[in-house]
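Numbering of ligands and ligand atoms starts at 1, following listing order.
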Amino acid sequence: MRPHLLLLGGTTEARLLAEALAARGDLDVTLSLAGRTQRPVAMPVPVRVGGFGGAEGLEAWLREHRVAALLDATHPYAARISAHAALAARRAGVPLLCLARPAWVPEAGDDWRPVADVAAACAALGAAPRRVFLALGRQEVAGFAMAPQHRYLIRSVDPITPPPPMPEVTCLTARGPFTLEDEARLLDAHGIEVIVCKNSGGTASHAKLVAARARGLPVLVLQRPAPPDAPRVTNVQAALDWLSHALNLRGV
Ligand SMILES: NC(=O)c1ccc[n+]([C@@H]2O[C@H](COP(=O)([O-])OP(=O)(O)OC[C@H]3O[C@@H](n4cnc5c(N)ncnc54)[C@H](OP(=O)(O)O)[C@@H]3O)[C@@H](O)[C@H]2O)c1
């Protein structure tokens, strides 16, 4: 019987891992998605969608499906599922690895201002109306109702429903990767004065930061949540190496 790997996904890295493992064919891989995206990218391994029902539900799933290893390749801001994974893996005695891409670091000329959360971002935007680009994903957008005086440009993969509660909003749907030219054009076309984003890391959504630097725009960066209490790697190859070791496979 081939070992069963549960891969918690929703990221480019999870897709790349799934592709590498599917090509080998010596593991049964289940990729789990939260179900946040209406049209997820096609995957080369079986996919299950939706929550497990907390850490207890995930622990039960690991036991029921005889999972030999758990790989948490969720988004760096998806802290709840990562905490559940750490707890469930410990209780079920399943080896766990987290794959989290490194955070971006500011370069000369960047004007990044760390903010703890959406409330802090609203405070940092100030009282005077500004043109704000929210490059955050859908879940945090409603919190900007606390700062209704600004004009918001909001980009998300899927349409935001219900629509954001702020009075002046332009919504765009788009899926990265975004080029520097795309981002420069977008910032200029909307007269953007400040960006609010997460420190997601990776290349797909980095260009907005380069475009902001070139324009001297401030960027309010929501801080990453604390990482889970589990071994961590920062790239796909290191995760494959760990799997090879954890499952005693040859050359995975
Ligand atoms: N999830 C993604 O694919 C994704 C992608 C990009 C960005 N983000 C960002 O991460 C932050 C939090 O997002 P989130 O609500 O998805 O994560 P979360 O707050 O960590 O998770 C909330 C719940 O969603 C379920 N869940 C999350 N990821 C799952 C997965 N891979 N498979 C099965 N169930 C999963 C779990 O439900 P149960 O407790 O019922 O198991 C979990 O408790 C947001 O800022 C979001 O923009 C997430």
With no hydrogens and no angle check, is any side-chain donor or acceptor of His84 less than 3.5 Å from a backbone partner on Gly54?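 No; judged by distance alone, with no hydrogens or angles, the pair does not exist.
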
Arg48 side, atom CZ; Thr30 side, atom OG1 - distance, nearest 0.5 Å: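 Answer rounded to 0.5 Å: 9.0 Å.
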
If a pair satisfies salt bridge (Lys or Arg N to Asp or Glu O under 4.0 Å) and one of its residues is in residues 79-105, list it, with sequence neighbours excluded.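 Counting only pairs at least two positions apart or across chains, the salt bridge (Lys or Arg N to Asp or Glu O under 4.0 Å) contacts touching residues 79-105 are Glu13-Arg101, Glu56-Arg91, Glu59-Arg91.
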
Partners of Ala116 by side-chain contact (heavy atoms from CB on, under 4.5 Å), sequence neighbours excluded?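 For Ala116, no residue satisfies side-chain contact (heavy atoms from CB on, under 4.5 Å) once neighbours in sequence are set aside.
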
Just jot down the side-chain contact (heavy atoms from CB on, under 4.5 Å) partners of Asp158, sequence neighbours excluded, or say none.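 If we apply the side-chain contact (heavy atoms from CB on, under 4.5 Å) test to Asp158, skipping adjacent residues, the hits are Thr37, Gln38, Arg39, Arg138.
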
Residue Arg130 excluded, over 12 heavy atoms near CZ under 6.0 Å: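 Correct, the count exceeds 12.
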
Anything with a heavy atom under 4.0 Å from ligand 1 counts, so go ahead and list those protein residues by chain and number.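 Within 4.0 Å of ligand 1, protein side: Gly9, Gly10, Ser32, Leu33, Ala34, Arg36, Arg48, Gly50, Gly51, Phe52, Gly53, Gly54, Thr74, His75, Tyr77, Ala78, Ala79, Arg80, Ile81, His84, Gln139, Glu140, Lys198.
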
